[in-house]
> 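Encoded as C-alpha cells, here's the structure I'll be asking about.
In what follows, every chain begins at residue 1, and chains take the letters A, B, ... in the order their sequences are listed. Given the structure is predicted, the values throughout are model-derived calculations rather than measurements.
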There are 2 protein chains.
Amino acid sequence: MDISQEPVLIIRRPLHEEATDRLRDLIVQGRLVAGSRLNERLLTAQLGVSRTPLREAFKVLATEGLVELLPNRGAIVSQLDATRLSETLAVMGALDALAGELACANATDAQINEIRALHYEMLAYHARGDLAGYFKFNQAIHLKIVKYAGNAVLYNTYRQLNGAMQRARYMANLSQERWDTAVREHDEILAALSSRDVKRIRALLADHLAHKLASALAALPARQAA
Amino acid sequence: MDISQEPVLIIRRPLHEEATDRLRDLIVQGRLVAGSRLNERLLTAQLGVSRTPLREAFKVLATEGLVELLPNRGAIVSQLDATRLSETLAVMGALDALAGELACANATDAQINEIRALHYEMLAYHARGDLAGYFKFNQAIHLKIVKYAGNAVLYNTYRQLNGAMQRARYMANLSQERWDTAVREHDEILAALSSRDVKRIRALLADHLAHKLASALAALPARQAA
DNA sequence: AATTTATATTTTGCATGCAATATTAGGAGA
DNA sequence: TCTCCTAATATTGCATGCAAAATATAAATT
C-alpha cells in the first residue's frame with residue numbers, strides 16, 4: 001500500500017526536547033524567575049513527563065547557560081545580571097557584524113526581500129505602538145540576517161545567545177525616543193544590506209547593538225528591584 | 001572543629017559530567033570516529049556508569065554539536081566536514097578578533113607576561129619539532145587571550161567551538177613551512193598584545209585564523225580518505 | 001528565646017525495568 | 001541468487017525504585 005499521499009505525518013518529538021523547549025520558554029518569559037529553584041516533582045506534574053526527560057532537559061539548558069546545576073541540590077534559573085547581559089551582547093555584536101558581512105555577500109535578492117517584508121511588518125507594529133509585535137519582528141529580522149549569512153554554526157551560536165537574551169527583551173520598556181531611533185537604525189541596516197555595503201552594515205549593526213545594550217542595561221535594575 | 005586546614009577536599013563530580021568529559025575526549029581524540037554509532041550498552045560497560053548519566057551526556061554533547069541524536073535510533077558522532085570546519089573557524093575568527101581587542105584593553109601586564117611565558121614554552125616545542133606539545137601550548141595561548149579579554153560569555157562560547165575543532169587539530173599535519181609561519185604570526189600577535197595595539201591584533205588574529213583554516217582544510221580530505 | 005542536636009521528610013543521583021521501536025537473522029517464494 | 005516477508009533479538013525512550021544527600025521539623029539544652 002502506498003501511503004505517501006497521506007497528508008498528516010504524525011511526528012512524536014522526544015519528550016526531553018519537548019520539555020527543554022517548554023522550560024526554555026518558561027524561563028525566557030520570566031515565568032520561572034531567575035534564581036528560583038526548579039523542583040523536579042513539581043515540574044514533572046506540570047509538564048506531564050517523568051523525571052528522566054526532565055532532568056535531561058536540565059542538562060541541556062545548563063549547557064545553554066539558562067540554568068545552573070547545583071550538585072545534589074537541584075537546578076536554579078541562572079541570573080541575568082548586568083555583567084552577563086553586556087558580555088553576551090558584546091559577543092552577539094561580533095557575530096552580528098560577521099553575519100551582516102556574510103549576508104551582504106551570500107544572501108539572494110529573494111532573501112533580502114523577505115527581510116524587507118519583515119521590516120515593513122515591523123514598521124506597522126511600530127506605527128501602532130505595539131511593542132510586543134515590534135519585538136517579535138525585530139527579532140525575526142536579526143535572526144534572518146544571521147540565517148541568510150549562510151553559516152550554520154554562526155546561526156546556531158547566535159540563536160543560543162539570543163535565546164538567553166530574550167529574557168531581557170521581556171523586561172525592556174523602550175522609551176518612545178529610543179524606539180524611534182531603533183526603527184531608523186533598522187531602516188539603514190536594510191538599506192546597507194540591499195546595496196550590499198559590507199563596511200556600512202558592520203558599522204550599523206555594531207551601533208545598533210551598542211544602543212540595544214544601553215537600553216537593556218537601563219531596564220535591568222528596574223526589573224531587579226521589582 | 002576547624003577543618004579549614006584540611007588539605008584534600010574530596011569532591012565527587014556528578015557521573016553525567018564525568019561521562020560527558022570522557023566521551024568528549026574520546027570524540028576529540030578521534031577514538032570515536034565521526035559517523036559511528038554510540039552504543040549505550042557498550043559505553044555503559046566501558047565507562048562504568050548506567051544508562052541514565054550516559055544518556056544525559058549524549059544530550060549535552062548534542063547541544064555542543066559533537067554528537068547527533070537520531071530519535072529512536074541512538075546517537076552518532078557528528079561529522080566534521082569541510083563546510084562545518086570553515087564555518088566554525090569563521091565564527092571563531094570573529095570571536096578571536098573581539099577577544100584580542102578586549103584583551104588589549106583589559107588584560108593586566110601580569111596576564112600578558114603569562115601569555116608570553118606560554119609563548120616561549122611553545123617556541124621550545126617548535127624548536128624540538130614536537131608537534132603535539134606545540135599544539136598544546138598554541139591552544140593554551142589562544143584560550144588565555146580569550147580568557148584575559150575578561151568576558152565570560154565570550155570565553156565559554158569560544159571554548160565550546162574550540163572543543164569541536166580539536167578534532168581537526170588531531171588530524172592536522174602541518175608542513176614545516178606552514179608551521180614556521182604560524183610561529184612567526186604568534187610572535188607578532190604577542191607583540192601587538194604587549195603594545196596593546198588593538199587594530200593590529202585584530203588584523204593579525206584574523207590572518208592567523210584564515211591560515212589555520214586553509215591548513216585544516218588541506219588536512220581534512222587526507223583524513224577522510226583514511 | 002536562641003542555639004544545638006536529633007529525627008523525619010523531601011529531594012536528588014543513579015540504576016533498573018518495561019514497553020515501543022528498530023535492527024538483524026532466517027526462510028519462503030520468485 | 002535475490003527479494004520479500006516474518007520472527008527473533010537488540011536497542012531505545014521513558015518511568016519508576018532505591019539509596020544517599022539535603023532540607024525541614026521537632027525536641028533538648030543552654
> Kindly indicate, with the supporting measurements, whether the criterion side-chain hydrogen bond (donor to acceptor under 3.5 Å, both in side chains) is fulfilled by A:Arg159 and A:Asn162.
CA-CA 5 Å; A:Arg159 235 163 56 98; A:Asn162 187 55; over 6 Å; no

> Take the protein atom CG of B:Leu43 and the nucleotide atom C1' of D:dT11, then report the distance between them rounded to whole Å.
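Value for this atom pair: 13 Å.
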
> Hey, what bend do you get for the helix from C:dA1-D:dT30 to C:dA30-D:dT1 if you fit axes on five pairs at each end, rounded to 10°?
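About 10° separates the two local helix axes.
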
> In this structure, how many angstroms lie between the C1' atom of C:dG17 and the CZ atom of B:Arg51, rounded?
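For the pair B:Arg51 CZ and C:dG17 C1', the rounded distance is 10 Å.
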
> Just how far, in rounded Å, is P of C:dA20 from CZ of A:Arg13?
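Distance, rounded to whole Å: 22 Å.
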
> Is A:Thr52 close enough to D:dC14 that one of its side-chain N or O atoms is under 4.0 Å from OP1 or OP2 there?
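Negative; the distance criterion is not met.
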
> If you take all heavy atoms of B:Ala82 and B:Leu217, which pair is closest and at what distance?
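Result for this residue pair: CB-CD2, 3.7 Å.
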
> How are the rings of B:Trp179 and B:His126 set to each other: parallel, tilted or perpendicular (split at 30° and 60°)?
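The rings of B:Trp179 and B:His126 stand perpendicular, inter-plane angle above 60°.
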
> Please assess A:Asp21 against A:Arg24 for the test salt bridge (Lys or Arg N to Asp or Glu O under 4.0 Å), listing each intermediate value before the final yes or no.
CA-CA 5 Å; A:Asp21 289 349; A:Arg24 194 189 293 109; 2.9 Å; yes

> Measure from the side-chain N and O atoms of B:Glu87 to the backbone N and O of A:Val153, and report whether any donor-acceptor pair falls under 3.5 Å.
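Pair found, side chain donor or acceptor close to backbone of A:Val153.
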
> Rounded to the nearest angstrom, tell me the gap between atom CG in B:Leu15 and atom P in D:dA19.
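To the nearest whole Å, that distance equals 17 Å.
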
> Which atom names give the shortest non-hydrogen contact between B:Asn106 and B:Ala149, and what distance separates them?
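B:Asn106 and B:Ala149 have their closest heavy atoms at ND2-O, 3.0 Å.
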
> If you only use heavy atoms from C-beta on, which nucleotide in C:dC14, D:dA15, D:dT12 is closest to the side chain of B:Arg55?
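Per side-chain heavy atoms of B:Arg55, the pick is D:dT12.
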
> Nearest-Å distance, CD1 (A:Ile76) to P (D:dT23)?
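Atom CD1 in A:Ile76 sits about 12 Å away from atom P in D:dT23.
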
> Separation of B:Leu54 atom CG from D:dT11 atom C1', in whole Å?
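From B:Leu54 CG to D:dT11 C1': 13 Å.
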
> Is the centre of the B:His142 ring less than 6.0 Å from the centre of the B:His186 ring?
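For B:His142 and B:His186, the ring centres are under 6.0 Å apart.
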
> Would you say A:Arg31 has more than 12 foreign heavy atoms packed within less than 6.0 Å of its CZ?
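At most 12 heavy atoms, drawn from other residues, nucleotides or ligands, come within 6.0 Å of this atom.
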
> Is the shortest side-chain N to carboxylate O distance from A:Arg22 to A:Asp25 below 4.0 Å?
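Answer for the salt bridge query: no.
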
> Report the residue (A:Pro71 or A:Glu56) whose heavy-atom-nearest nucleotide on DNA chain D is the more 5′ of the two.
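The residue mapped nearer the 5' terminus is A:Glu56.
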
> Along nucleotides 6-11 of chain C, 5' to 3', which nucleotides get a B, which get an S, and which get a -, given that the test is a protein heavy-atom distance under 4.0 Å?
-----S

> What is the separation between atom CG on B:Leu38 and atom P on D:dT12, rounded to the nearest whole Å?
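After rounding, the reported distance stands at 9 Å.
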
> Atom CZ of A:Arg12 and atom P of C:dA19: how far apart are they, to the nearest Å?
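Atom CZ in A:Arg12 sits about 16 Å away from atom P in C:dA19.
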
